[in-house]
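Written below as structure tokens is the structure these notes are about.
Computed from heavy atoms alone, side chains included, the values below leave out hydrogens, waters and symmetry copies. Numbered from 1 within each chain, the chains take letters A, B, ... in sequence-line order. As the structure is a computational prediction, the values presented were derived from the model and not from experiment.
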Number of protein chains: 2
Amino acid sequence: MHFGYALRRAQIAAFDAFASATAGHPITPPRYTALVILEANPGISQSALGEVLGTARSGAMMLTNWLVARGLAERRHRPEDARAWGLYLTRRGKTLLGTLKRRVLDHDQRFGAKLTPAERREFLRLLGKLAP
Amino acid sequence: MHFGYALRRAQIAAFDAFASATAGHPITPPRYTALVILEANPGISQSALGEVLGTARSGAMMLTNWLVARGLAERRHRPEDARAWGLYLTRRGKTLLGTLKRRVLDHDQRFGAKLTPAERREFLRLLGKLAP
DNA sequence: TATTGTTATACTCTATAACTATA
DNA sequence: TATAGTTATAGAGTATAACAATA
């Protein structure tokens with residue numbers, strides 16, 4: 001069995017847990033991650049968002065467009081640089097993220113509950129060695 | 001740190017290893033997996049291929065079309081069921097898969113070499129508990 | 001009626017390239 | 001010239017729905 005396959009299978013199972021947690025919302029993993037990043041970095045630029053997400057600028061823009069169209073985030077002009085936007089969660093975005101975070105964390109913990117506490121620690125340590 | 005994120009990061013690293021192994025070939029993880037499945041199950045039907053891959057029939061068909069268009073696989077009529085095709089690797093498909101398997105396995109082992117042999121065994125055991 | 005393959009369609013993710021406005 | 005954002009385009013993956021041929 002390849003590492004790649006085994007990892008992929010486990011990650012698909014984790015995606016399933018995420019899908020259960022976000023059922024009823026059109027939220028995908030990248031969108032959820034973007035919300036989390038915006039919450040932790042108010043005023044971040046689109047380019048910086050793309051860098052953190054590990055995607056191209058254009059991808060960050062489409063992601064931002066989607067969030068803005070649904071009233072979850074907003075662009076604000078930066079006085080010090082007319083080229084860049086500052087991105088912020090709206091009240092609605094913060095509320096949704098609050099709800100989703102609880103549900104995602106809950107499902108994540110249930111997913112991890114297949115391991116004992118000691119196994120969880122060891123597993124996360126080994127993941128850290130594989131993807132530093 | 002969520003399990004989901006940690007797993008995703010490690011899996012992206014594994015995908016990178018796969019990409020290095022298949023550099024120069026337009027082979028993706030699902031295409032590689034399909035080749036492996038066809039090698040192990042000569043004459044398998046498209047529907048069965050889709051089931052093993054965990055995707056819809058239509059996806060298995062587009063995958064098959066791609067392989068057939070490049071001369072890597074072929075469809076043969078089944079005498080016992082005029083509805084279904086039997087799928088087979090061509091000689092060219094077998095040759096390519098042979099080359100790729102060596103390279104993918106090599107990169108997979110290099111990826112896993114970030115862990116000690118004992119850690120590798122434990123890691124695969126824990127992955128098995130998470131995604132049985 | 002159920003199944004196989006097929007086609008059409010749609011959405012998401014990702015990437016590159018070219019363009020604009022600004023620095 | 002370099003950067004931020006934008007737009008266009010493309011490929012890949014995945015899914016559903018409807019259809020014809022066959023079982």
Sorted by chain and residue number, the side-chain hydrogen bond (donor to acceptor under 3.5 Å, both in side chains) partners of B:Gln109 (sequence neighbours excluded) come out as none

Going by distance alone, is a donor N or O of one side chain under 3.5 Å from an acceptor N or O of the other, for B:Arg75 and B:Asn65? yes

Among residues 33-52 of chain A, which contact DNA chain D at a heavy-atom distance under 4.0 Å? A:Ser45, A:Gln46, A:Ser47

Taking side chain as C-beta onward, heavy atoms only, is A:Tyr5 less than 4.5 Å from B:Asp108? no

With a 4.0 Å heavy-atom cut-off, tell me which residues in residues 69-88 of chain B come close to DNA chain C, sorted by residue number. B:Arg75, B:Arg83, B:Ala84, B:Trp85

Could you tell me from which nucleotide to which nucleotide of DNA chain C, 5' to 3', there is an atom under 4.0 Å from chain A heavy atoms? C:dT12 to C:dA23

Hey, does A:Trp85 have a side-chain heavy atom less than 4.5 Å from the side chain of A:Leu49? no

Would you call the rings of A:Phe123 and B:Phe3 parallel, tilted or perpendicular, where under 30° means parallel and over 60° means perpendicular? parallel

Is the distance between the ring centroids of B:Phe18 and B:Tyr32 less than 6.0 Å? yes

Where the side chain of B:Arg70 meets the backbone of B:Trp66, is there a donor-acceptor pair that is under 3.5 Å apart? yes

Which atom pairs link the protein and nucleotides 13-17 of chain D when you take only N or O atoms and keep those under 3.5 Å?
from: D:dG13; atom 1: OP1; to: B:Thr28; atom 2: OG1; distance (Å): 2.4
from: D:dT16; atom 1: O4; to: B:Ser58; atom 2: OG; distance (Å): 2.7

Answer yes or no: is there a donor N or O on one side and an acceptor on the other, between the side chain of B:Arg57 and the main chain of B:Ser47, under 3.5 Å? no

Going through the distances and angles, do B:Glu74 and B:Arg76 end up as a salt bridge (Lys or Arg N to Asp or Glu O under 4.0 Å)? CA-CA 7 Å; B:Glu74 62 183 8; B:Arg76 292 189 209 155; 3.0 Å; yes

Sorted by chain and number, sequence neighbours left out, salt bridge (Lys or Arg N to Asp or Glu O under 4.0 Å) with A:Arg83 holds for A:Asp81

Honestly curious: do B:Ile27 and B:Val52 fall in one hydrophobic cluster under the side-chain, below-4.5 Å linking rule? yes

What's the CG-C1' distance between B:Leu53 and D:dA12, to the nearest Å? 14 Å

Taking all non-hydrogen atoms of both residues into account, name the closest pair between B:Ala14 and A:Gly4 and its distance. CB-CA, 4.3 Å

